[in-house]
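One structure below.
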Protein chains: 2
Amino acid sequence: MVEYYEIAEFLKNFSDASRVKIVLALIDEELSVNDIALKVGMTQTAVSYQLRILRDSRIVKHRRAAQTIYYTIDDEHINKILTTTSEHLEERKSL
Amino acid sequence: MVEYYEIAEFLKNFSDASRVKIVLALIDEELSVNDIALKVGMTQTAVSYQLRILRDSRIVKHRRAAQTIYYTIDDEHINKILTTTSEHLEERKSL
DNA sequence: TTATTATATGTGTATATACGCATATTCTAA
DNA sequence: TTAGAATATGCGTATATACACATATAATAA
């Protein structure tokens, strides 16, 4: 059984605009920390800070190539959750 | 188009254990504020505080009957988002 | 009207958190 | 080995937030 606090703990990852922006930037694309920073318009430090949180929650995974570390989404479900949410919000807009 | 910050703003509602608990308590059941407080083991004030947030985000709706105010989930999508998340977490547990 | 019930809200506070800055760490190239 | 590049992290801080307590508001009953 999944408990209520586990759901909260997990969805907390998407409660911050910066983190959602980073996750969306990684959909269907593998990016380095600097690439992400450039793409979302944040500093390297801020991106690193948020990536650690997303990594700890297993939302993103990474691989190293020399000094560069590349990040990707860890699971297709992540995509589904954001898509479902997006559709819900889209539908609500017409009300 | 749904923007990244709208997704974050919406999912922020489920980033707190108390709110998730309250929303889960309301699935398939209409409850008064006091009923909710009893069911989830929180004070009336704390429940009221969280209900306002959920109301403002249109996640729950309410109707008045004399002094009592009854709350329900505003949309079936809410259920779906929590279910999808729950399934995702359930699957991950076996890894 | 007054008392009572159900809920909401203002204020204060302890805690969480996002991010900047400086620095550490890891790896590569010269 | 030393310099440089890419990323991570410790520390400080401004801001957000969850909740307690007391009180206000709304509706009903006596």
Side-chain angles (χ1 to χ4, degrees), chain A residues 3-26 29-74, chain B residues 3-26 29-74:
Chain A
E3 301 292 337
Y4 68 92
Y5 52 84
E6 295 176 288
I7 295 176
E9 196 178 12
F10 178 75
L11 290 180
K12 197 170 200 169
N13 285 290
F14 307 107
S15 69
D16 176 76
S18 296
R19 279 193 296 271
V20 171
K21 213 172 176 181
I22 290 171
V23 172
L24 291 178
L26 287 173
E29 195 170 18
E30 188 186 52
L31 295 174
S32 72
V33 176
N34 262 325
D35 288 342
I36 296 172
L38 283 173
K39 191 170 179 185
V40 305
M42 292 171 61
T43 64
Q44 178 266 317
T45 310
V47 170
S48 254
Y49 171 80
Q50 301 298 355
L51 281 175
R52 172 157 57 154
I53 292 170
L54 295 170
R55 225 190 306 128
D56 289 350
S57 300
R58 291 202 281 159
I59 286 169
V60 299
K61 59 185 171 189
H62 62 288
R63 74 179 173 87
R64 172 155 232 153
Q67 301 105 317
T68 308
I69 297 180
Y70 291 98
Y71 281 86
T72 44
I73 306 285
D74 195 0
Chain B
E3 301 291 338
Y4 68 94
Y5 52 84
E6 296 176 287
I7 295 176
E9 195 179 14
F10 178 75
L11 290 181
K12 198 170 199 169
N13 285 290
F14 306 108
S15 68
D16 176 76
S18 296
R19 279 193 296 271
V20 172
K21 212 171 177 182
I22 290 171
V23 171
L24 292 178
L26 287 173
E29 195 170 19
E30 189 186 53
L31 295 173
S32 71
V33 176
N34 263 325
D35 287 342
I36 297 171
L38 283 173
K39 193 171 177 183
V40 304
M42 293 171 61
T43 65
Q44 178 267 317
T45 309
V47 170
S48 255
Y49 172 81
Q50 301 297 358
L51 281 175
R52 173 157 56 154
I53 292 170
L54 295 170
R55 225 190 307 128
D56 288 349
S57 299
R58 289 200 282 158
I59 286 169
V60 299
K61 60 185 170 188
H62 62 287
R63 74 179 172 87
R64 171 155 233 153
Q67 301 106 315
T68 307
I69 297 180
Y70 291 99
Y71 281 86
T72 45
I73 305 285
D74 196 0

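Naming: A, B, ... by sequence-line order, numbering from 1 per chain.
The shortest non-hydrogen separation linking Val47(B) to Ala37(B) is CG2-CA, 3.7 Å.
Listed by chain and residue number, nothing satisfies the salt bridge (Lys or Arg N to Asp or Glu O under 4.0 Å) test with Lys61(A) (two or more places apart in sequence, or in another chain). With sequence neighbours excluded, no residue forms a salt bridge (Lys or Arg N to Asp or Glu O under 4.0 Å) with Arg64(A).
Side-chain contact between Lys39(A) and Lys21(A) is absent, with no heavy-atom pair separated by less than 4.5 Å. Lys12(B) is not listed as a side-chain neighbour of Lys12(A), based on a closest heavy-atom distance of 4.5 Å or more. Residues Asn13(B) and Val20(B) are not in side-chain contact: their nearest non-hydrogen atoms beyond the backbone lie 4.5 Å or more apart. No side-chain heavy atom of Ser18(A) sits less than 4.5 Å from a side-chain heavy atom of Val40(A). A 4.5 Å side-chain heavy-atom check between Val60(A) and Ile22(A) finds every atom pair outside the cut-off. Side-chain contact between Tyr4(A) and Ile7(A) is absent, with no heavy-atom pair separated by less than 4.5 Å.
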Listed pairs, N/O of protein and of nucleotides 28-30 of chain D, under 3.5 Å:
none

For nucleotides 17-19 of chain D, give me every protein contact, N/O to N/O, under 3.5 Å, one pair per line with atom names.
{"from": "dT17(D)", "atom 1": "OP1", "to": "Lys12(B)", "atom 2": "NZ", "distance (Å)": "2.5"}
{"from": "dA18(D)", "atom 1": "OP1", "to": "Arg19(B)", "atom 2": "NH2", "distance (Å)": "3.4"}
{"from": "dA18(D)", "atom 1": "OP2", "to": "Arg19(B)", "atom 2": "NH1", "distance (Å)": "2.9"}
{"from": "dA18(D)", "atom 1": "N7", "to": "Tyr49(B)", "atom 2": "OH", "distance (Å)": "3.1"}
{"from": "dC19(D)", "atom 1": "OP1", "to": "Ser18(B)", "atom 2": "OG", "distance (Å)": "2.9"}
{"from": "dC19(D)", "atom 1": "OP2", "to": "Gln50(B)", "atom 2": "NE2", "distance (Å)": "2.6"}

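Checking dT7(C), dC27(C), dA27(D) against the side-chain heavy atoms of Arg64(B) singles out dA27(D) as nearest.
Side-chain to base pairing of Gln44(A) with dA6(D): no donor and acceptor N or O lie closer than 3.5 Å to each other.
Scanning residues 32-41 of chain B for heavy-atom distances under 4.0 Å to DNA chain D yields an empty list.
In terms of phosphate contacts, Arg55(A) brings a side-chain nitrogen or oxygen within less than 4.0 Å of OP1 or OP2 of dA8(D).
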Expected list for residues 67-74 of chain B: side-chain donor-acceptor pairs under 3.5 angstrom, two or more places apart:
{"from": "Tyr71(B)", "atom 1": "OH", "to": "Arg55(B)", "atom 2": "NE", "distance (Å)": "3.1"}
{"from": "Tyr71(B)", "atom 1": "OH", "to": "Arg55(B)", "atom 2": "NH2", "distance (Å)": "3.4"}

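Tyr70(A) comes within 4.0 angstrom of no nucleic acid atom, judged by non-hydrogen atoms across all strands.
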